[in-house]
There are 2 protein chains.
Amino acid sequence: MSAREVPVPAISRPTSKDVAQEAGVSQSTVSLVLGGKWSGRVSPATARSVRDAAERLGYRPNQAARNLRLGTTRTVLLMVPTLTAPFFGPVYTGAARVAARHGFGVVVSTWPDDAQGPADSPFGSDEAIDGILASSLAPDALARFRGTPAVMLDSGPDGAVPTVDFGVADGMRAIARHLAGLGHRRFGHVAAAVDQWTFRARAAALATAVAALPGGALARDSCAIDVAAAKDAAVRLLSAPHPPTVLVCDDDLIAAGAYKAARALGLDVPSELSVTGFDDVLLATALEPELTTVRLPAEELGAQGMTALLDLLAGGRPAPRVLPGELIVRDSTAPPRNRRV
Amino acid sequence: MSAREVPVPAISRPTSKDVAQEAGVSQSTVSLVLGGKWSGRVSPATARSVRDAAERLGYRPNQAARNLRLGTTRTVLLMVPTLTAPFFGPVYTGAARVAARHGFGVVVSTWPDDAQGPADSPFGSDEAIDGILASSLAPDALARFRGTPAVMLDSGPDGAVPTVDFGVADGMRAIARHLAGLGHRRFGHVAAAVDQWTFRARAAALATAVAALPGGALARDSCAIDVAAAKDAAVRLLSAPHPPTVLVCDDDLIAAGAYKAARALGLDVPSELSVTGFDDVLLATALEPELTTVRLPAEELGAQGMTALLDLLAGGRPAPRVLPGELIVRDSTAPPRNRRV
DNA sequence: CTGAAAGCGCTTACAG
DNA sequence: CTGAAAGCGCTTACAG
């Protein structure tokens with residue numbers, strides 16, 4: 001060994017060419033075999049030797065080359081309003097599970113708070129995606145993505161784009177029915193002050209249900225999806241001349257705020273005030289008393305949405321889907337009791 | 001127009017070749033200009049005309065081609081134990097924010113529950129990543145990624161891999177100090193039954209702090225990070241002959257379980273039992289009374305981790321970082337009161 | 001200051 | 001049943 005020897009080349013991953021050489025076949029054969037398109041075109045013996053060679057070398061295809069050749073990225077963008085709300089973790093999980101099964105990856109992006117320039121686009125590798133899954137977006141948030149195959153989640157029916165939604169109206173009706181059955185007539189709606197289809201649908205369903213109830217009355221106040229803001233809104237509702245006997249909340253987190261309002265006002269839940277939530281996130285069972293709410297299958301939303309998007313990408317025309325919510329009765333609802341006004 | 005005309009080609013995105021033609025220059029010039037490497041090599045006038053042409057055509061470079069040529073994917077994998085825990089949303093958010101600023105995307109993967117075969121690998125596009133950010137993992141979970149640049153988050157110091165951690169021991173000491181100052185001597189530790197560095201560090205710090213306290217006594221029970229399991233563990237601790245006057249919980253969710261145990265046993269928090277949490281997730285202020293806990297800067301963990309990984313990818317050797325937690329005193333802790341045993 | 005050419009690693013007609 | 005060749009859209013030496 002002399003000091004003059006050539007520098008060792010950097011270790012690099014084996015390519016299909018290396019596998020071909022190792023197996024003593026051509027690159028085409030390797031591609032056919034490893035791509036699963038060999039039957040009837042390559043002899044079983046050759047196929048086996050290719051597989052063995054690939055295994056020996058630890059070969060893994062270069063995705064960038066594959067993508068370039070195929071004109072696809074096998075990556076999908078999931079766009080959500082925020083990742084800090086406990087609701088979106090499961091949505092991602094469901095979407096990623098289905099995607100992985102088809103060799104797709106999922107990148108998440110949160111919708112930028114401000115309409116920043118495209119230079120500050122939420123995803124660095126701009127446009128390196130095959131499709132987009134947009135969840136719980138404001139009305140025309142999708143506008144700037146025209147051209148990219150998209151499926152909308154939890155954003156309401158749309159003529160132009162395939163959708164997957166929750167049956168929130170049914171869920172709200174189930175709450176109203178449960179409460180009416182308990183004897184409630186004076187409802188307070190602590191609504192989320194968020195311009196999304198799902199909240200408009202909840203408000204409309206509740207209003208209709210209460211209106212259909214003999215003697216039914218509904219007061220509404222709205223707030224950000226935030227414990228402190230919800231507490232304030234609930235206090236306002238409960239301080240009215242003829243206060244509601246139940247607070248129907250648009251979200252479990254808002255219900256937590258309603259609990260605080262009740263406590264501040266010296267009202268026991270549920271004997272003096274019933275409270276309901278929506279979503280059934282972890283918080284619902286962490287609260288005391290445990291919260292009556294509507295369970296929304298968030299993971300299923302992600303999974304079904306991804307299934308629809310994959311279908312769309314394959315040239316299909318997926319039908320709109322609605323996933324039913326489920327009323328979960330726990331300990332925060334009870335018959336109303338007369339209360340000093 | 002005859003019925004024989006050739007079918008219109010599918011609309012396809014413009015390439016750098018199209019831009020070159022539009023601007024009347026070569027593809028090389030386009031690449032130089034758009035890649036920002038033109039100064040001193042291309043005349044300002046030419047550069048301008050290239051930019052204009054790109055703008056007119058709405059050109060956006062094909063990432064797959066770029067990746068193939070450059071041998072990089074500009075994608076990083078964030079691996080977390082679960083996405084349903086409220087802690088990881090912010091970690092992702094912080095990581096993605098820094099990544100986007102450098103033109104990188106972030107794919108998330110949850111560590112598979114079971115050691116499934118590589119065929120069922122968590123990420124579909126196996127290996128289409130430049131690096132990996134692994135958060136809160138069990139000891140040798142990273143083993144199968146040897147070869148890929150990695151940074152470990154919240155997994156404890158490691159000789160081989162750059163790390164970013166929380167100062168959990170300091171946080172636990174701050175809790176112990178706060179409690180000791182209030183007069184507590186009999187501590188109960190509701191520990192997370194999870195084999196992660198962070199929990200071992202918390203347990204060790206608490207044990208040391210209590211041992212250093214004159215008259216200090218510590219009992220420990222452990223449970224899954226789950227409200228119901230935590231309640232059971234707390235009940236066990238509180239049913240001992242000389243029960244603790246405070247329950248130090250490894251997680252805010254566990255603290256919620258402790259609240260339930262207190263309620264079931266008829267103990268008022270904080271007058272008859274103090275409770276502390278860890279993390280400061282949303283739940284901490286949703287509970288009644290609001291929880292004294294240690295805030296862990298989760299988003300900052302993601303951001304610092306990504307910064308370290310980018311540094312590593314650029315050939316640097318990032319130093320280990322420790323992010324301090326902050327004791328947040330709320331209403332769940334008070335001086336102990338004698339209690340019938 | 002600018003262009004022609006090579007090559008990243010795949011997949012897929014096409015020829016044999 | 002198998003191989004040689006083209007080409008996806010970039011970037012970067014290299015020549016001029």
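By convention in this document, chain letters (A, B, ...) are assigned in the order of the sequence lines, proteins followed by strands, and residues within each chain are numbered from 1. Just so you know, these numbers come straight off a predicted model, no measurement behind them.
The side chain of B:A65 approaches D:dG9 more closely than any other nucleotide in the set D:dT11, D:dG9, C:dC10. With D:dT12, D:dG9, C:dC10 as the candidates, the nucleotide lying closest to the side chain of B:N62 is D:dG9. The nucleotide whose nearest atom lies closest to any side-chain atom of B:S16 is, among C:dT2, D:dT2, D:dC10, D:dC10. Ranking C:dC10, D:dT12, D:dT2 by closeness to the A:T15 side chain, first place goes to C:dC10. Counting only heavy atoms from C-beta on, B:P61 has its side chain closest to D:dC10 among C:dT2, D:dC10, C:dC10. Considering only the side chain of B:T29, C:dG3 comes nearest among D:dT2, D:dT11, C:dG3.
OP1 and OP2 of D:dG9 both lie 4.0 Å or more from every side-chain N or O belonging to B:R69. Between B:K37 and the phosphate of D:dT11, there is no side-chain N or O to OP1/OP2 separation shorter than 4.0 Å.
A straight line from CG of B:L32 to C1' of D:dT11 spans 9 Å, rounded to a whole angstrom. Atom CG of B:N67 is separated from atom C1' of C:dG9 by 13 Å (rounded to the nearest Å). The distance between atom CZ of A:R74 and atom P of C:dG9, rounded to the nearest whole Å, is 21 Å. Here D:dA13 presents its P atom at 20 Å from CH2 of B:W38, a figure rounded to the nearest Å. In this structure, A:Q27 places its CD atom 19 Å from P of C:dC14, rounding to the nearest Å. In this structure, CG of B:L34 is placed 10 Å from P of D:dC10, rounded to the nearest angstrom. The separation between B:L68 atom CG and C:dT11 atom P is 12 Å, rounded to whole Å. We find that CZ of A:R41 is positioned 14 Å from P of D:dG3, with the value rounded to whole Å.
In this structure C:dA4 sits in no base pair that meets the Watson-Crick or G-U test at under 3.5 Å.
When heavy atoms are screened at a 4.0 angstrom cut-off, A:S43 is found touching the sugar-phosphate backbone but no base atom.
Inspection of the B:D130 and B:T72 side chains reveals an N or O donor paired with an N or O acceptor under 3.5 Å.
Looking at A:S31, its side chain never comes within 3.5 Å of a backbone N or O of A:Q27 through a donor-acceptor pair. A donor-acceptor distance shorter than 3.5 angstrom exists from the side chain of B:D165 to the backbone of B:D154, with no hydrogens or angles considered. B:E22 places no side-chain N or O within donor-acceptor distance of the main-chain N or O of B:A53, the cut-off being under 3.5 Å.
Remark: A:D52 engages A:R48 in a salt bridge, criterion side-chain N to carboxylate O under 4.0 Å.
Residues B:L70 and B:S28 each lie close to DNA chain C; by heavy-atom proximity, the contact nearer the 5' end of the strand is made by B:S28.
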